[in-house]
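Proteins come first, then strands; the chains are lettered A, B, ... in the order of their sequence lines, and each starts at number 1.
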2 protein chains.
Amino acid sequence: MTEKQEKILRAALELFAQEGYDASSTSRIARRAGVSEGLIFRHFTNKKGLLDALMQGMNQRMVQLVEPILGEPDARRCILATIALPFGLEPEEYDYWRLQYKLKWQKNARPAVLNNPLYQRLTQAFEQLAYPQPAEEARLLVHLLDSLAVALLRDELPDREAYHQFLRRKYGG
Amino acid sequence: MTEKQEKILRAALELFAQEGYDASSTSRIARRAGVSEGLIFRHFTNKKGLLDALMQGMNQRMVQLVEPILGEPDARRCILATIALPFGLEPEEYDYWRLQYKLKWQKNARPAVLNNPLYQRLTQAFEQLAYPQPAEEARLLVHLLDSLAVALLRDELPDREAYHQFLRRKYGG
DNA sequence: GTCTATAGGCCGATAGAC
DNA sequence: GTCTATCGGCCTATAGAC
């Protein structure tokens with residue numbers, strides 16, 4: 001991956017995340033990246049190829065984030081780590097996640113990598129803690145996680161820390 | 001509102017909700033509605049006018065849905081009605097709500113009509129029920145509501161009824 | 001008056017040629 | 001890295017059918 005290719009991907013990510021895929025023209029991406037427009041097509045074939053490259057990177061990052069939770073043997077810690085997840089996202093990476101949600105609605109993409117294994121691990125965790133309806137509890141938590149990420153990405157959550165504390169306590173932190 | 005105008009709006013809603021606003025051309029909308037393309041511009045000025053007309057209808061519908069909850073004096077019933085809300089959406093109206101979420105991400109639109117007054121009413125309800133952190137509880141419930149709607153619209157919620165029951169019980173139903 | 005059919009201008013975007 | 005062909009989308013305009 002050369003330096004120019006990275007610049008292109010970076011510019012594409014910023015524009016896609018801010019304006020949406022359709023609304024971002026390859027010429028603006030090229031200008032923002034400081035390269036000629038043709039270079040985009042040389043390296044990524046077409047506009048869709050750009051998106052594919054970005055999505056591949058996003059999937060890797062997701063797996064990387066969820067892996068430690070899946071590997072956590074202690075049920076309580078597993079749940080708390082799940083709650084902490086959206087709060088721990090780096091602001092530099094926000095564009096990544098914004099793009100995820102944009103695509104979820106614009107192109108009906110499903111980031112199944114994240115949700116399914118996590119859901120199963122959480123169900124198990126709630127079972128271990130003898131919750132009466134572990135599957136539903138797990139679903140609730142996944143839903144909560146999702147809205148939480150949305151609120152953070154859209155800057156719609158005042159009192160971040162108070163809310164995090166509140167959730168930790170709810171799950172016995 | 002003539003029959004043709006309704007056909008146009010209906011076609012536009014379907015396409016916008018499925019493919020997104022940008023990706024839906026006026027020519028396809030006209031074809032789907034079975035009218036000539038020019039008619040769209042005669043009635044709605046431009047493509048944006050189409051969207052505006054749809055959003056006006058959506059806002060009215062939202063107010064209509066939330067109003068009875070805001071007017072409910074009993075705290076417990078107020079909370080349960082909130083939970084029931086997404087489960088009570090008519091499948092025929094799903095495109096409406098899908099469009100809402102698409103716009104939320106595509107155009108950063110905020111359906112504040114719904115969330116703010118509802119959030120305040122719920123805070124009050126949790127206060128009345130002597131929850132230790134009513135504001136956070138209200139936020140949690142609004143988040144939950146949001147994810148729930150998303151899951152229903154994207155057909156990602158098996159066991160609808162079991163889950164509804166589960167939530168009702170959690171809030172003392 | 002409402003609508004269709006058609007023709008076309010303008011513009012920007014993708015993509016490939018050079 | 002530049003240049004340009006081609007396509008499609010938005011919108012206007014007009015002539016005429018129901």
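Rounded to whole angstrom, the span from the CD1 atom of B:I29 across to the P atom of D:dG8 amounts to 17 Å. Rounded to whole angstrom, the span from the CG atom of A:L50 across to the P atom of C:dA15 amounts to 10 Å. The nearest whole Å value for the distance from the CG atom in B:D22 to the C1' atom in C:dT14 is 16 Å. Atom C1' of nucleotide C:dA17 and atom CZ of A:R42 are separated by 12 Å, given to the nearest angstrom. What separates CD of B:Q5 from P of C:dC3 is a distance of 7 Å, to the nearest Å. Residue B:R31 contributes atom CZ, which lies 13 Å from atom P of C:dA5 at whole-angstrom precision. The CZ-P distance, from A:F41 to C:dA13, rounds to 11 Å in whole Å. Atom CG in A:L15 sits about 11 Å away from atom P in C:dT14, given to the nearest Å.
Between A:Y163 and B:H143, the ring planes lie perpendicular to each other; the angle is over 60°, past the 30° to 60° tilted range. By the 30° and 60° cut-offs, the orientation of the rings of A:F126 relative to A:Y131 is perpendicular.
Out of D:dC10, C:dA15, C:dC3, the shortest distance to the side chain of A:E37 is found at C:dA15.
Residue contacts for B:G34: at a heavy-atom cut-off of 4.0 Å it reaches the sugar-phosphate backbone alone, with no base atom in range. Residue contacts shown for A:T45 are absent, as no nucleic acid heavy atom lies under 4.0 Å away.
For the pair A:K4 and B:A23, both in contact range of DNA chain D, the more 5′-proximal nearest nucleotide belongs to A:K4.
B:Y94 approaches B:L152 most closely through the heavy-atom pair CE2-O, 4.0 Å.
Counting non-hydrogen atoms of other residues, nucleotides and ligands closer than 6.0 Å to CZ of B:R42 gives a total of 12 or fewer.
Here A:S25 does not reach the OP1 or OP2 of C:dG12: none of its side-chain N or O atoms lies under 4.0 Å away. OP1 or OP2 of D:dC10 has not a single side-chain nitrogen or oxygen of B:K48 nearer than 4.0 Å. Contact between the side-chain N/O atoms of A:K47 and the OP1/OP2 oxygens of C:dT14 is found at a separation under 4.0 Å. Considering only side-chain N and O atoms, A:T26 lies under 4.0 angstrom from the phosphate OP1 or OP2 of C:dT14. Listed pair B:H43 / C:dC3 meets the phosphate criterion, a side-chain N or O lying under 4.0 Å from OP1 or OP2.
A donor-acceptor pair is defined here as one N or O able to donate and one able to accept, closer than 3.5 Å; such a pair exists between the side chain of B:K102 and the backbone of B:Q18.
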